[in-house]
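Counting starts at 1 for both ligands and their atoms, in listed order. The structure displayed is predicted, hence computed values, not measured ones.
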Amino acid sequence: MDKGLLLVISGPSGTGKGTVCKKLCEQNPSLYYSISATSRPPRRGEKDNVNYFFLTEEQFLELREKDAFLEWARVYDNYYGTPSQKVQEKLNKGYDVILEIDTQGAKQVKNIAKEAVFIFLLPPSMEDLWLRIKGRGTDGQEVIEKRFAAAHHELQEIENYDYVVINDNVSEAVCKIEAILLAEKCSLIRNEDVLSRLVEEGDKIDLSLHRRNVKKG
Ligand code: ADP
Ligand code: 5GP
């Protein structure tokens, strides 16, 4: 069985990552949404083991010491991390796995899994972003302002991503991410074994210089 594809989705707080990922997973049973651990307290309506594994800071740091995270970061004064075991298990079973993580975490994933696909979700405008963070109605004024201000820094990291999706309409954003997934699965670089089965030993196709294999710089 082929290993699943690792999909990283980042974007400023309030862009709609959670909303889009939820719909994406509902529509695609072969997608697994990795539940992160966090030391942030739950928002109204959030459930432990569903939205996050809600931990105390002490519990989080203990797991970090044990190397239990694929990546971790401190974001807006709280710790967030991806539990690695489940991600590996699901990938090995052929599931595609979504990590909804910040730009610091995405950089770490890029260092250990260069085959992962990196998508940056954007709001249609900064005004929309402000209205969405505020409209979510789950954070106080100070938190809202901090998150909005951080959006500008996060945008500076966009060069580390492969694709950009504007979340104007949730269904369209989901559709675009599905299209990216499909295109990635058809990419030459992900189909090397099919190629090697088709060609004779002496005619081996060398993809080592393919643009997707060659790093810039
Ligand atoms: P994030 O996970 O990126 O912080 P959320 O998924 O919590 O963002 O969405 C923030 C707010 O914006 C929520 O109230 C959500 O319902 C709303 N929202 C998400 N996508 C859209 C969209 N395409 N159009 C309008 N509102 C949206
Ligand atoms: P929120 O508090 O709004 O749920 O998330 C705040 C930020 O933390 C978002 O940018 C979200 O993508 C990021 N985040 C959530 N889980 C993780 C994680 O496991 N690792 C990292 N690095 N960031 C995460």
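- With distances taken over non-hydrogen atoms, the option nearest atom 22 (C) of ligand 1 out of Arg43, Lys22, Arg132 is Arg132.
- Of the protein's non-hydrogen atoms, the one nearest atom 15 (C) of ligand 1 is Thr19 OG1, 3.6 Å.
- The heavy atom nearest to atom 4 (O) of ligand 1, considering only Arg147, Glu172, Arg136, is found in Arg136.
- In this structure, Lys146 forms no cation-pi arrangement with Tyr76, as its terminal cationic atom is not both closer than 6.0 Å to the ring centre and no more than 45° off the ring axis.
- By the 4.0 Å N-to-carboxylate-O rule, Asp96 lies close enough to Lys185 to be salt-bridged with it.
- Distance from atom 2 (O) of ligand 1 to its nearest protein heavy atom, with residue and atom name: Gly18 N, 2.9 Å.
- The option with the heavy atom closest to atom 3 (O) of ligand 2, from among Lys107, Gln108, Gln104, Arg147, is Arg147.
- Asn167 OD1, 2.9 Å is the protein heavy atom nearest to atom 23 (N) of ligand 1.
- The side-chain contact (heavy atoms from CB on, under 4.5 Å) test with Glu71 is passed by exactly one of Asn111, Val87, Ile101: Ile101.
- Close N/O approach between Gly16 and ligand 1 is found [any backbone or side-chain N/O within under 3.5 Å].
- Taking the six-membered ring for Trp and the full ring otherwise, Tyr95 and Tyr32 have centroids separated by 6.0 Å or more.
- Using a 4.0 Å cut-off to heavy atoms of Ala73, the atoms of ligand 2 that qualify are 22 (N).
- For atom 10 (C) of ligand 1, the nearest protein heavy atom (residue, atom name, distance) is Gly14 O, 3.7 Å.
- Near Arg43, the atoms of ligand 2 lying under 4.0 angstrom from a non-hydrogen atom of the residue are 1 (P), 2 (O), 3 (O).
- Residue Asp168 touches ligand 1 through its backbone alone, judged by heavy-atom distances below 4.0 Å.
- Put simply, the side chain of Asp48 gets close to the backbone of Phe54: a donor and an acceptor are under 3.5 Å apart.
- If you number the atoms of ligand 1 from 1 as listed, the ones under 4.0 Å from a heavy atom of Val170 come out as 20 (N), 21 (C), 22 (C), 23 (N).
- The closest side-chain donor-acceptor pair between Arg132 and Thr19, if any, does not fall under 3.5 angstrom.
- Of the polar atoms of Ala37, none of the N or O atoms is found under 3.5 Å from an N or O of ligand 2, judged by distance alone.
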